[in-house]
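I have placed the structure first, in the form of structure tokens, so that the comments after it can refer back to it.
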There are 2 protein chains.
Amino acid sequence: MLPELKVTQLRHFVWVSELKGFHAAAEKAHRTQPAISLSIRDLENKLGEGLFEKRNARTTKTELTPFGNYFLPKAKELIAHHDRIAEDMMLLSEHKTGHLRLASVPSIASRVLPDILLKFIANLPSLHVSFYDDNSDAVLKMVENQQVDFGICHLLHEQDHSDKAFTPIWEDRIGVVCPKGHPLADKQGVHWKDLRQHRLISNGTSRLLEDTEAHPLLGHSQFYVSNMISLIAMLEAGFGITTLPWYAFPKESTTLQFVPLEAPEVTRRIGIVKLNNKSLTPPAQALVDFILEQTKK
Amino acid sequence: MLPELKVTQLRHFVWVSELKGFHAAAEKAHRTQPAISLSIRDLENKLGEGLFEKRNARTTKTELTPFGNYFLPKAKELIAHHDRIAEDMMLLSEHKTGHLRLASVPSIASRVLPDILLKFIANLPSLHVSFYDDNSDAVLKMVENQQVDFGICHLLHEQDHSDKAFTPIWEDRIGVVCPKGHPLADKQGVHWKDLRQHRLISNGTSRLLEDTEAHPLLGHSQFYVSNMISLIAMLEAGFGITTLPWYAFPKESTTLQFVPLEAPEVTRRIGIVKLNNKSLTPPAQALVDFILEQTKK
DNA sequence: TCTAACAATAAGGTTTCCTTATCATGCTTC
DNA sequence: GAAGCATGATAAGGAAACCTTATTGTTAGA
């Protein structure tokens, strides 16, 4: 029914009309003159009307028919539309642009990602990044609901997440956090039983100890603080001690001390989680690759 | 640099994604399944990214990648744009639409064109027609200035209009117009000398006699009336007689009589005038063809 | 009148695209 | 759980679209 106009053909048409000649257009198209002649003729046949004034009687310069004149702006628009889309897609597939959404647990978000993201977006000025931080469960939910392209979190029960692919990256050692000057502060490592005689504040990460021999500590603890800012403030005030993964420990703290838990030695593995059956958008894949590369050494 | 996305390819892509399968899309495209596979692969290569989820592991229905998902609406838009333009041009080249402007001398405009135009536009409901009527000089001017696609008029000095193409159609015989019951009214034909004894009213068409042996009549005439309505009224009132071309004579007049001028026999040829170096728009060309066909017999 | 410029046409080669035939894989069904 | 069925990928050959070189025809200008 409707003819299929090829973009190449439209370009030829526009060039002939703008350069006022088949030879000039041929040169621009990196084709020979007969190729352009045929291309134009084919287009004319498809449209059912001549686009240029009778070309056998060369009384004058190559000129558009009224029909061709009517067609010209439309052809230009269509070409422009095509090019806009083609360019969009090229930029996207070269991850020079687009939209990237990720979620991360706060520890990595604050300690590791800033550096990496800064480097990553350095030469991608038009990439828009949406970033969420929350605890591991929430991050997993966002991955599941496809609210984010991928998540950075801990995968507690790996067998419950067969629909997701987990790529471990960071080994996060659990340790004891206490004020400097605290009896435990100068040790190289502590045994869980050492903690029983101190006031222990549990927090969101405490359940990492659940399946270890240190689990009795959890019952022992009177206080639970979910908010990290409050937790730090209480520790600094000498209210007690807590356990935290290394990456959740505020790096530049001058008042607190991190002492690795030696027995049991507990580490959580933090990594990238994505849905198994979905591939990532180009910029998301690029960021994943970049993170892997930056943390490989 | 930028790849050339073919509309056909985009259609294949949209169909595969909408029908959720290569076979279904192949059927819709009247192609075989491998053709669609190759088409899609080619498109993916051009864009630099996969559009559908890994197709080797058929864990699930054919599904878009995020990249493909991003591309889908854009592809649809581009196809729609293409089709819109293609349809526009087809309608225009089948003169089903568009704008047609013509000018005609009043005689043909009132006596011949109404019938023809009515038939012509009968099955072209969306064709817009602008119609002007004026004397031959004005019609020629409008053709020259390209205010109209073509004109219908008399070409008095053909040699002065080498830039125009004239296609004669109607032979318009000059005659004498007088009230019924007038001494001349019952004659089959009159000689110019017969007119000298009657009061002659000249009008816009009188100069057609200029280059004939009847030219002395023009000096003989005391009255000049340019407006046709007034002229008719004066004739009906028995004010005098006049000369008119047959087509300018009001056909259904019951009070006036047309008597051909026998000596000299003067005819003006009325026809279609267009610019030589410009071709007509499709609807204009169609109307010209239609007029020629309708008046051929 | 001759020449240069431009586009149309002809004939043959290349590339692109499509087809048939076949394969690999997973889902369904008994 | 093996057989059949459906899906899409792949291979190879052929058809169609496309481009090229060579040539012709027409017009404009020297």
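From a predicted model like this one, the values you see are computed outputs, not experimental measurements. We name chains A, B, ... by the order of the sequence lines, and we start the count at 1 in each one.
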Mind calculating the distance between [atom1] ([X]) and [atom2] ([N]) to the nearest angstrom?
{"X": "B/Arg31", "N": "C/dT20", "atom1": "CZ", "atom2": "P", "result": "12 Å"}
{"X": "B/Arg11", "N": "C/dC17", "atom1": "CZ", "atom2": "C1'", "result": "17 Å"}
{"X": "A/Leu43", "N": "C/dA8", "atom1": "CG", "atom2": "P", "result": "13 Å"}
{"X": "B/Leu19", "N": "D/dG8", "atom1": "CG", "atom2": "C1'", "result": "15 Å"}
{"X": "B/Phe22", "N": "C/dT25", "atom1": "CZ", "atom2": "C1'", "result": "15 Å"}
{"X": "B/Leu38", "N": "D/dA15", "atom1": "CG", "atom2": "P", "result": "18 Å"}
{"X": "B/Glu27", "N": "C/dT19", "atom1": "CD", "atom2": "P", "result": "13 Å"}
{"X": "A/Glu53", "N": "C/dC6", "atom1": "CD", "atom2": "C1'", "result": "17 Å"}

It should be established whether [X] places a side-chain nitrogen or oxygen under 4.0 Å from OP1 or OP2 of nucleotide [N].
{"X": "B/His23", "N": "D/dA6", "value": "no"}
{"X": "B/Thr32", "N": "C/dC18", "value": "no"}
{"X": "A/Lys20", "N": "C/dC6", "value": "no"}

Inset, instruction - Please name all residues satisfying side-chain hydrogen bond (donor to acceptor under 3.5 Å, both in side chains) with B/Asp289, sequence neighbours left out, ordered by chain then number. - result: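 Partners of B/Asp289 under the side-chain hydrogen bond (donor to acceptor under 3.5 Å, both in side chains) test: B/Gln285.
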
What nucleotide, of [options], holds the atom closest to the side chain of [X]?
{"X": "A/Gln33", "options": "C/dA7, C/dT20, C/dC18", "value": "C/dA7"}
{"X": "B/Ala35", "options": "C/dC18, D/dT20, D/dA11", "value": "C/dC18"}
{"X": "B/Pro34", "options": "C/dA8, C/dA21, D/dG8", "value": "C/dA21"}
{"X": "A/Lys6", "options": "C/dA21, D/dA17, D/dG8", "value": "D/dA17"}

Inset, instruction - Go through the side-chain N and O atoms of B/Lys46 and B/Gln9 and say whether any donor and acceptor fall under 3.5 Å apart. - result: yes

Legend entry - A/His154 side chain to A/Ser136 side chain, donor-acceptor N/O pair below 3.5 angstrom: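 Per modelled atom types, A/His154 and A/Ser136 side chains form no pair under 3.5 Å.
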
Legend entry - Presence of salt bridge, B/Asp137 and B/Arg207, under 4.0 angstrom: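 Between B/Asp137 and B/Arg207 there is a salt bridge, with a charged N closer than 4.0 Å to a carboxylate O.
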
Legend entry - Derivation of the salt bridge (charged side-chain N to carboxylate O under 4.0 Å, His left out) call for B/Lys164 and B/Glu144: CA-CA 8 Å; B/Lys164 307 188 188 65; B/Glu144 271 173 24; 2.8 Å; yes

